[in-house]
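Predicted model, so just to flag it, every value in this text is computed and none were measured.
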Amino acid sequence: MRGFGELEAAVMEQIWTSSEGATVPEVHERLEAQGDIAYTTVMSVVHNLYRKGRLTRRREGRTHRYRATASRAEHSADLMSVALRSGGDPHTILTHFVQQMDPADTRRLAQLLARMDEDGTG
């Protein structure tokens with residue numbers, strides 16, 4: 001798994017923020033409000049994300065409604081997992097990651113790990 005390119009990320013953001021998913025015309029309209037982007041470009045990016053398995057689609061009349069196959073949080077967690085497995089020594093990577101975290105996030109992580117340890121899920 002790898003991260004999204006700039007346009008892919010912009011399209012995914014529009015799909016993630018809509019609870020019912022989005023059609024290509026809807027995504028185009030939202031992105032065009034932020035700057036000039038061609039409809040065919042949006043259509044190509046959406047199709048490529050679908051082909052890569054990042055989106056599902058359901059026919060709605062003459063168009064498709066697209067939904068993400070993973071939430072934004074799940075996608076971010078997958079990227080973190082890949083980075084942890086592919087960047088060398090996992091202990092060193094985790095140490096650097098935790099040292100860069102905000103103290104409030106560090107406390108939340110410690111609480112989550114303690115809860116998982118208590119539940120036997122960690």
Side-chain angles (χ1 to χ4, degrees):
M1 164 170 289
R2 63 179 195 80
F4 295 120
E6 186 176 338
L7 281 175
E8 289 177 329
V11 167
M12 290 302 296
E13 182 64 28
Q14 297 307 314
I15 292 173
W16 277 324
T17 57
S18 178
S19 61
E20 65 271 350
T23 64
V24 171
E26 291 168 349
V27 172
H28 177 253
E29 182 179 326
R30 294 175 198 153
L31 291 178
E32 195 169 49
Q34 299 172 14
D36 190 29
I37 186 165
Y39 180 87
T40 54
T41 300
V42 174
M43 185 173 56
S44 293
V45 172
V46 169
H47 178 74
N48 287 339
L49 288 166
Y50 170 74
R51 187 179 46 79
K52 291 176 181 180
R54 304 302 187 115
L55 299 174
T56 61
R57 69 183 182 192
R58 185 185 79 238
R59 172 90 53 204
E60 271 190 16
R62 294 174 48 173
T63 190
H64 288 98
R65 179 158 304 275
Y66 292 88
R67 287 193 168 90
T69 56
S71 70
R72 182 186 293 118
E74 290 168 329
H75 174 70
S76 295
D78 287 343
L79 290 175
M80 292 168 64
S81 179
V82 167
L84 183 60
R85 290 191 314 267
S86 64
D89 176 38
H91 176 71
T92 303
I93 295 167
L94 279 172
T95 300
H96 287 291
F97 179 71
V98 171
Q99 288 172 342
Q100 294 174 22
M101 290 173 68
D102 178 85
D105 290 334
T106 303
R107 283 190 297 279
R108 279 192 287 275
L109 176 60
Q111 291 167 352
L112 173 64
L113 291 172
R115 198 167 42 246
M116 289 175 71
D117 192 40
E118 290 170 6
D119 296 345
T121 59

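Using modelled atom types, no side-chain atom of Arg54 and backbone atom of Ala68 make a donor-acceptor pair closer than 3.5 Å. With hydrogens and angles ignored, the 3.5 Å screen pairs no side-chain donor or acceptor of Ser81 with any backbone N or O of Ala77. Between the side chain of Ser18 and the backbone N or O of Ile15, no donor-acceptor pair lies under 3.5 Å.
Note on Ile37: it clusters hydrophobically with Met43, by side-chain heavy-atom contacts below 4.5 Å among ILVMFWY residues. A continuous path of hydrophobic side-chain contacts links Leu109 to Phe97 [ILVMFWY only; heavy atoms under 4.5 Å].
Rounding to the nearest 0.5 Å places CG of Asp119 at 9.5 Å from CG of Leu112. To the nearest 0.5 Å, the span separating NE2 on His47 from CG on Leu55 amounts to 11.0 Å. Here OG1 of Thr106 is found 11.0 Å from CD of Gln111. Values are rounded to the nearest 0.5 Å. Atoms CZ and CD, from Arg65 and Glu26 in turn, are 4.0 Å apart once rounded to the nearest 0.5 Å.
Remark: Arg108 pairs with Asp105 by the salt bridge (Lys or Arg N to Asp or Glu O under 4.0 Å) rule, at least two apart or across chains.
For Glu8 and Lys52, the salt-bridge test passes: some basic side-chain N is under 4.0 Å from an acidic carboxylate O.
Side-chain contact between Val45 and Leu49: present, with at least one pair of heavy atoms (C-beta onward) separated by less than 4.5 Å.
Side-chain contact check for Ser76 and Arg72: no donor-acceptor pair (N or O, by modelled atom type) lies under 3.5 Å.
Within a 6.0 Å sphere centred on CD of Glu60, other residues, nucleotides and ligands contribute more than 12 heavy atoms.
Taking the ring centroids of Tyr50 and His64, they lie at or beyond the 6.0 Å cut-off.
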Without placing hydrogens or testing angles, list every side-chain donor-acceptor pair under 3.5 Å for residues 86-94, not counting sequence neighbours.
unit_1 : atom_1 : unit_2 : atom_2 : d
Ser86  : OG     : Val82  : O      : 2.7
Asp89  : OD2    : Thr92  : N      : 3.2
Asp89  : OD2    : Thr92  : OG1    : 2.6

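Applying the side-chain hydrogen bond (donor to acceptor under 3.5 Å, both in side chains) definition to pairs two or more places apart or across chains, none involves residues 29-44.
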